[in-house]
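Structure, as structure tokens:
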Amino acid sequence: DAKTTQPTSMDCAEGRAANLPCNHSTISGNEYVYWYRQIHSQGPQYIIHGLKNNETNEMASLIITEDRKSSTLILPHATLRDTAVYYCIVRAIPSGTYKYIFGTGTRLKVLA
Amino acid sequence: DAGVIQSPRHEVTEMGQEVTLRCKPISGHDYLFWYRQTMMRGLELLIYFNNNVPIDDSGMPEDRFSAKMPNASFSTLKIQPSEPRDSAVYFCASSFGQDPAFFGQGTRLTVV
């Protein structure tokens, strides 16, 4: 699986958009980009995933560059409850591996 | 659905004792993953199953660790004998095919 690079930490003001970047320059054609977050000591929570098109759901938007070498997770109106560690993962499907390899993630702190 | 259910939520045991962690995946899911999380090593994939069959156990640290999935609704992770360095939070996750995985709340294991 391709490796990802994320900033160690970021701050964001409450109510503002949080933009979390991820670099996955070695991503291959059958690898999707997934985002999870972990709030305090809870289990990781699925946010969104995509292959090459931009995606949006009730939680966030995912913007993937045309060359697919990087992506950005956007939380449109960050709240204090969005303070968490955010993980960007690339995962090959349907290659049969199906496993998620977590990196160190970005620690996002939303400030009041 | 109640989500992925793990038990116990907390376990304290003495070094040398056998420890069994339990997981009930989401009904209908055919993939099950076991992860371990520590401050030093982050989230590590230990093993995952497909249709109750272990597919990749390359992350299992040593022979003291074993995992089983006797049926589609139950899995166990056993450590025998336990050591202080096994202290960690253990997460179970499940998914259906290529769909995103959902995680349980974890079991915090302390070996004294």
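Every value quoted in this text rests on a predicted model; they were computed, and no experiment measured them. In what follows, chains are A, B, ... by sequence order, proteins preceding strands, each numbered from 1.
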At their closest point, which heavy atom of [X] faces which heavy atom of [Y], and how far apart are they?
| X | Y | value |
| --- | --- | --- |
| B:Tyr48 | A:Lys99 | CE2-CB, 3.9 Å |
| A:Tyr100 | B:Tyr35 | O-OH, 2.6 Å |
| B:Ala101 | A:Tyr36 | O-OH, 2.7 Å |
| B:Gln98 | A:Arg91 | O-NH1, 3.5 Å |

Between [X] and [Y], is there a shared hydrophobic cluster once you connect ILVMFWY residues whose side-chain heavy atoms come closer than 4.5 Å?
| X | Y | answer |
| --- | --- | --- |
| B:Trp34 | B:Ile26 | no |
| A:Val33 | A:Met59 | yes |
| B:Val112 | B:Leu109 | no |

Point to revise | Part of A:Gln38 within contact of chain B (heavy atom distance under 4.5 Å) | key: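 The side chain, not the backbone.
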Practice item. Let me know if B:Gln37 has heavy atoms under 4.5 Å from chain A in its side chain, its backbone, both or neither. Key: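 For B:Gln37, side-chain heavy atoms alone lie under 4.5 Å from chain A.
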Check your understanding: Which answer fits B:Leu43, side chain, backbone, both or neither, if we ask what part of it has an atom under 4.5 Å from a heavy atom of chain A?
Key ->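 Its backbone and side chain both get close to chain A.
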Check your understanding: Atom CD of B:Glu44 and atom CD1 of A:Ile101: how far apart are they, to the nearest 0.5 Å?
Key ->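 Between B:Glu44 CD and A:Ile101 CD1, I get 10.0 Å after rounding to 0.5 Å.
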Exercise for review: Report, by ascending residue number, the residues of residues 63-97 of chain B in heavy-atom contact with chain A at a distance under 4.5 Å; give 'none' if the set is empty.
Suggested key: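 The stretch touches chain A at B:Phe91, B:Gly97.
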